[in-house]
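Presented below is the structure to which this report refers.
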Protein chains: 2
Amino acid sequence: MRQNVPVPLDRSSAGDPARTLELLWRVPAGTPRRGPRKRLDIDAVVAVAIGLADADGLDAVTMRRVAQRLGVVPMTLYTYVPGKAELLDLMLDTAYLRMSRTDTAGRPWRDRLTAVAEENRALFEAHPWAATISTGRPPLGPGMMAKYEHELSALDGLGLHDVEMDAALTFLLTFVQANARSAAEARQVRQDSAMDDEQWWAANAPVLDRVLDPGAYPTAARVGSAAGAAQRAAYSPEHAWEFGLRRVLDGLAALIDGRAGSVETGPGAR
Amino acid sequence: MRQNVPVPLDRSSAGDPARTLELLWRVPAGTPRRGPRKRLDIDAVVAVAIGLADADGLDAVTMRRVAQRLGVVPMTLYTYVPGKAELLDLMLDTAYLRMSRTDTAGRPWRDRLTAVAEENRALFEAHPWAATISTGRPPLGPGMMAKYEHELSALDGLGLHDVEMDAALTFLLTFVQANARSAAEARQVRQDSAMDDEQWWAANAPVLDRVLDPGAYPTAARVGSAAGAAQRAAYSPEHAWEFGLRRVLDGLAALIDGRAGSVETGPGAR
DNA sequence: CAGTACACCGTACTACGTACAGAGTAATTC
DNA sequence: GAATTACTCTGTACGTAGTACGGTGTACTG
């Protein structure tokens with residue numbers, strides 16, 4: 001069983017950042033290669049790693065398993081990738097590169113930001129592991145750059161300063177990622193404990209009843225049971241998403257709609 | 001480098017939620033103890049674990065190290081705690097229990113929610129590891145309950161339904177935690193790579209210049225350099241916090257101030 | 001006093017990332 | 001053509017983690 005466990009924020013990029021960048025951008029080797037031909041390439045390694053992560057989560061991505069899938073011994077991977085941290089960078093940038101990017105030019109800013117949010121949500125739905133990789137030092141690869149450019153353009157021309165544009169985007173993306181992490185953690189916990197929420201509550205209820213001073217937590221009891229009932233109606237993740245996104249957009253509206261300067265500024269939706 | 005918790009394939013009921021709850025609430029043993037006296041107690045174990053985590057991060061909390069600090073052999077800990085996951089639950093609930101809780105009754109809702117946000121921010125500043133523990137299944141201990149009750153009461157009487165109160169609180173706390181996680185990740189990466197942001201950028205810049213098609217990412221280049229300059233002014237984490245919290249509150253204002261029903265409903269601040 | 005439940009400990013297993021040294025291969029140099 | 005050299009691939013092994021298992025001695029119950 002595994003209950004609350006540190007969320008695995010892999011990645012450290014202990015190696016040389018310049019080397020990592022060259023890998024991300026697939027900079028070809030300078031001197032002609034001498035020894036035996038390579039039997040694999042980086043893309044194959046990354047593809048297998050992504051496949052494992054998609055299927056069984058980030059924990060399933062071990063150097064040993066990736067190697068096995070490729071028919072080589074674990075240490076062979078180190079001729080393609082300096083270490084696991086860099087492999088995770090490559091996975092993430094690849095996922096970024098393959099995201100769908102809707103062109104919303106000319107549409108009201110709410111539509112544009114909603115599209116950005118939903119593109120990211122779709123990313124995390126297709127690749128839940130992507131939400132759990134630390135982005136403390138983002139992989140500055142082609143995927144990341146394309147993503148950043150695309151998403152910033154949704155905030156351009158709204159009368160925000162450059163620093164505000166970056167802050168607003170960070171704010172939006174942080175919300176989406178936090179939501180995706182919650183979902184990933186819920187999945188993880190369900191899998192690790194081999195117990196769904198219903199069973200977990202059923203196991204807890206009798207002890208809680210015995211231990212909890214009734215009346216000590218009046219608001220919590222009232223709200224918690226209402227929220228619990230709502231969640232049992234398979235309501236919860238979708239609800240948190242919709243509720244949160246509306247708040248995020250309303251929060252940005254107070255900033256954006258207050259600014260003069262753009263024909264694209266529309267009235268707050270709904 | 002971070003390690004993963006092995007997932008026990010068999011042994012389904014090894015980690016019993018009821019047992020965890022009893023630990024959290026310090027339910028005393030039923031039958032009189034027979035064998036040798038205990039030389040420790042749970043609180044000592046938890047205190048040492050928290051001390052390690054505060055000082056050197058969650059990675060420093062290993063059963064071996066905790067045991068060593070207590071002058072016992074690692075396996076001895078298992079008489080006090082079923083496993084590491086439960087120890088983390090206990091640490092988290094203890095941190096929750098010790099949080100400061102300001103009484104803001106009667107004050108405008110923005111002040112009250114700001115206080116809640118700042119209490120949580122202070123928690124994560126004192127115990128950065130607390131932000132990185134999965135709350136997929138929250139520890140339903142005395143700390144968690146007190147925290148939930150306190151924070152919900154800040155949202156009571158504003159004309160929100162119970163489900164909305166829960167959603168609004170989750171939204172606020174998710175923001176605070178996401179911020180704290182970013183900070184923790186930044187710290188972690190700085191420590192793991194033994195390289196500060198300045199050095200990292202310096203190492204990346206030459207390769208980026210060589211690899212990046214100038215003009216391919218116009219918005220990103222403009223905004224990125226503006227944001228980068230702002231961050232270099234030691235501006236960034238504080239800025240993200242202030243910017244984000246204002247958006248969060250403005251977003252909630254659109255919900256709360258639209259509701260009739262409470263004298264406490266004040267005009268949007270700032 | 002015998003029996004027993006329990007605290008504590010030593011050993012060992014599995015899984016991880018990866019350091020290191022060796023073997024074989026193909027391009028370069030003579 | 002032969003020697004050199006750079007490179008790929010491999011086998012072994014180290015250190016760290018959580019914790020299963022079985023043994024030993026203790027202090028209470030009958």
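Note: hydrogens, waters and symmetry copies are ignored here, and every other heavy atom, side chains too, is used. To find a chain, count down the sequence lines: A is the first, B the second, and so on, and within it residues start at 1.
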> Does A:Arg101 reach the side chain of A:Lys147, with side-chain heavy atoms less than 4.5 Å apart?
Replying inline: yes
> Taking the side chain of B:Arg34 as heavy atoms from C-beta outward, which of D:dC9, C:dT4, C:dA26 is closest to it?
Replying inline: C:dT4
> Do the charged groups of B:Arg190 and B:Glu198 touch, with an N to O distance under 4.0 Å?
Replying inline: no
> B:Met63 has an atom CE; how far is it from atom P of C:dC9, in whole Å?
Replying inline: 14 Å
> Within this structure, what is the CG-to-P distance between B:Asp192 and C:dG17, rounded to whole angstrom?
Replying inline: 15 Å
>> Under the rule for salt bridge (Lys or Arg N to Asp or Glu O under 4.0 Å), what residues qualify as partners of B:Glu22, not counting sequence neighbours?
In response: A:Arg210
> Quick one: side chain to side chain donor-acceptor pair (under 3.5 Å) partners of A:Asp41, sequence neighbours excluded?
Replying inline: none
> Just to confirm, is there a sub-4.0 Å distance from OP1 or OP2 of D:dT26 to any side-chain nitrogen or oxygen of B:Arg33?
Replying inline: no
> Counting side-chain heavy atoms from CB outward, which of C:dG10, C:dA27, D:dG18 is closest to B:Thr62?
Replying inline: D:dG18
> OH of B:Tyr80 versus P of C:dC6: gap in Å, rounded?
Replying inline: 14 Å
Compile the donor-acceptor pairs under 3.5 Å between side chains in residues 72-83 of chain B and protein atoms, sequence neighbours left out, one pair per line.
{"unit_1": "B:Thr76", "atom_1": "OG1", "unit_2": "B:Val73", "atom_2": "O", "d": "3.3"}
{"unit_1": "B:Thr79", "atom_1": "OG1", "unit_2": "B:Thr76", "atom_2": "O", "d": "2.6"}
{"unit_1": "B:Tyr80", "atom_1": "OH", "unit_2": "B:Arg39", "atom_2": "N", "d": "3.3"}
{"unit_1": "B:Tyr80", "atom_1": "OH", "unit_2": "B:Leu40", "atom_2": "N", "d": "3.0"}
{"unit_1": "B:Tyr80", "atom_1": "OH", "unit_2": "B:Leu40", "atom_2": "O", "d": "3.4"}

> With nearest nucleotides of DNA chain D determined for A:Arg64 and A:Gly71 from heavy-atom distances, which residue corresponds to the more 5′ nucleotide?
Replying inline: A:Gly71
>> On the nucleotide D:dC9, are OP1 or OP2 found under 4.0 Å from the side-chain N or O atoms that A:Tyr78 carries?
In response: no
>> So if I take residues 36-44 of chain A and measure heavy-atom distances to DNA chain D, which residues fall below 4.0 Å?
In response: A:Pro36, A:Arg37, A:Lys38, A:Arg39
>> Expressed as a whole number of angstroms, how long is the span from A:Leu77:CG to D:dT8:P?
In response: 13 Å
> Taking only residues two or more places apart in sequence or in another chain, which ones pass salt bridge (Lys or Arg N to Asp or Glu O under 4.0 Å) with A:Arg26?
Replying inline: A:Asp43
> Expressed in angstrom and rounded to an integer, what is the separation of A:Asp59 atom CG from D:dA17 atom C1'?
Replying inline: 14 Å
> Base, sugar-phosphate, or nothing: which does A:Val61 touch, judged by heavy atoms less than 4.0 Å apart?
Replying inline: sugar-phosphate
> What pairs of residues pass the ring-ring contact (aromatic ring centres under 6.0 Å, His included) test when at least one of them lies in residues 128-150 of chain B, not counting sequence neighbours?
Replying inline: B:His127-B:Trp129
> Hey, is the side chain of A:Thr76 poking within less than 4.0 Å of OP1 or OP2 on D:dT8, counting only N and O atoms?
Replying inline: no
> Roughly, in whole Å, what's the span from CE in B:Met75 to C1' in C:dC9?
Replying inline: 9 Å
>> Output the rounded distance in Å from NZ (A:Lys84) to C1' (C:dA15).
In response: 11 Å
> Rounded to whole angstroms, how far apart are CG on B:Leu88 and C1' on D:dG18?
Replying inline: 12 Å
